[in-house]
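Scope of the values below: all heavy atoms of this structure, side chains included, with no hydrogens, waters or symmetry mates. Below, read A as the first sequence line, B as the second, and so on, with proteins coming before strands; counting in each chain starts at 1.
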2 protein chains.
Amino acid sequence: MAKTALNPQNLDSVATRFRILGVPLRLQILNELANGERTVTHLVEATGSTQPNVSKHLSTLLAHRLVKREKRGNSAFYSVSDPAVFKLCEIVCGNIERALEEERAAFTGG
Amino acid sequence: MAKTALNPQNLDSVATRFRILGVPLRLQILNELANGERTVTHLVEATGSTQPNVSKHLSTLLAHRLVKREKRGNSAFYSVSDPAVFKLCEIVCGNIERALEEERAAFTGG
DNA sequence: TGACTATATGATTATGTGGTTATATAGAGA
DNA sequence: TCTCTATATAACCACATAATCATATAGTCA
């Protein structure tokens, strides 16, 4: 049954998705977008990165449909297109905390 | 509230986790391990990759505590240490299928 | 001990990509 | 039109790392 989680066909797609999420700045951007749509300028300020860099990562996120874009006036407003990404982050955070917990236990308990 | 999902401290850790999962062969290995503990030799055959390559990826997975190892006799038996990874894969698969669905809808419906 | 099997690891190469810089595009307002 | 602002993109560099090859380590059995 666990076999159903991944089949050879979408294995690459799944890996790609994970790789997209494997860049701190991109996570930072997504995290910022968790609060609603944001302009590039806002994301540049929020992340402390450069405008071209943020734009490039937004392009990547857009190309893989993790965000969507809406141009209004002079600005581009980005927003998360599938909130499931935050579910992913939560699970990973849970994993990490559990791992830290185990490390702590290993120190104190033997 | 969405802010709680990621904070600057674990942002790198989360990204690293995702990056670990962002390699097809590693997903293949994990997927194989979903059925229970496996030896390196078995994983080499199951994945069609080379022994050194599989061993190296197992080392990576082990270093990041995604799998655990137990040596018995001449062999090393690997198993998944946190089944939450499969939850991740399921969500990502869901995302991808949803994206495909939307593409299909875009073709037919407008 | 020696032969065999299983696994790990070091060195090397090739490729992908994140970040930077400079520049292009495009809309708003005068 | 010109200027300003916002965003995108192209060229480049630097670094990380996946894959390969060769070799080392370690356990089993005779």
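- Hydrophobic cluster membership differs between A/Val67 and A/Phe77, with clusters built from Ile, Leu, Val, Met, Phe, Trp and Tyr side chains linked at under 4.5 angstrom.
- Of the charged side-chain nitrogens involved, at least one lies within less than 4.0 Å of a carboxylate oxygen, so that A/Arg72 and A/Glu70 count as a salt-bridged pair.
- On the nucleic acid side, DNA chain C contacts chain A at distances under 4.0 Å to non-hydrogen atoms, with the end points of that region at C/dT17 to C/dA28.
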Can you check nucleotides 19-25 of chain D for protein contacts, nitrogen or oxygen pairs under 3.5 Å, and list what you find?
residue: D/dA19; atom: OP2; partner: B/Asn53; partner atom: ND2; Å: 3.3
residue: D/dA19; atom: OP2; partner: B/His57; partner atom: NE2; Å: 2.6
residue: D/dA19; atom: N7; partner: B/Lys56; partner atom: NZ; Å: 2.8
residue: D/dA19; atom: N6; partner: B/Lys56; partner atom: NZ; Å: 3.0

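- Atom NZ of A/Lys71 and atom P of D/dA8 are 6 Å apart (whole Å).
- D/dT5 atom P lies 14 Å from atom CD of A/Glu45, rounded to whole Å.
- Pairing each heavy atom of A/Cys89 with each of A/Leu27, the nearest pair is SG-CD2, 4.3 Å.
- Cation-pi geometry between A/Arg38 and A/Tyr78 is not met: the NZ or CZ atom fails to fall both under 6.0 Å from the ring centre and inside 45° of the normal.
- Of all non-hydrogen atoms in B/Phe86 and B/Ala34, the two that sit nearest each other are CZ-CB, 3.4 Å.
- Within a heavy-atom distance below 4.0 Å of DNA chain C, the residues of residues 58-68 of chain B found are B/Ser59.
- Looking only at distances, a side-chain donor or acceptor of B/Arg26 sits under 3.5 Å from a matching main-chain atom of B/Ile20.
- Non-hydrogen atoms lying under 4.0 Å from DNA chain D are contributed by B/Gly73, B/Asn74, all within residues 72-79 of chain B.
- The closest donor-acceptor contact from the side chain of A/Ser81 to the backbone of A/Arg65 lies under 3.5 Å.
- Applying the side chain to side chain contact (heavy atoms under 4.5 Å, CB included) test to B/Asn53 and every residue at least two apart in sequence or in another chain returns B/Leu25, B/Ser49, B/Thr50, B/His57.
- Among the protein residues, B/Thr41 comes within range of the sugar-phosphate backbone only, with heavy atoms under 4.0 Å from sugar or phosphate atoms but none that close to a base.
- Checked against side chain to side chain contact (heavy atoms under 4.5 Å, CB included), B/Ala46 has the following partners two or more places apart in sequence or in another chain: B/Glu32, B/His42.
- Closest approach of B/Cys93 and A/Asn10 over heavy atoms only: SG-ND2, 3.7 Å.
- Once rounded to the nearest 0.5 Å, the distance linking NZ of B/Lys68 with CG of B/Leu62 reads 11.0 Å.
- Listed here is the closest heavy atom pair of A/Arg69 and A/Ala76: CD-CB, 4.0 Å.
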### Query
Can B/Glu45 and B/Thr41 be said to form a side-chain hydrogen bond (donor to acceptor under 3.5 Å, both in side chains), step by step?
CA-CA 6 Å; B/Glu45 285 163 3; B/Thr41 300; over 6 Å; no

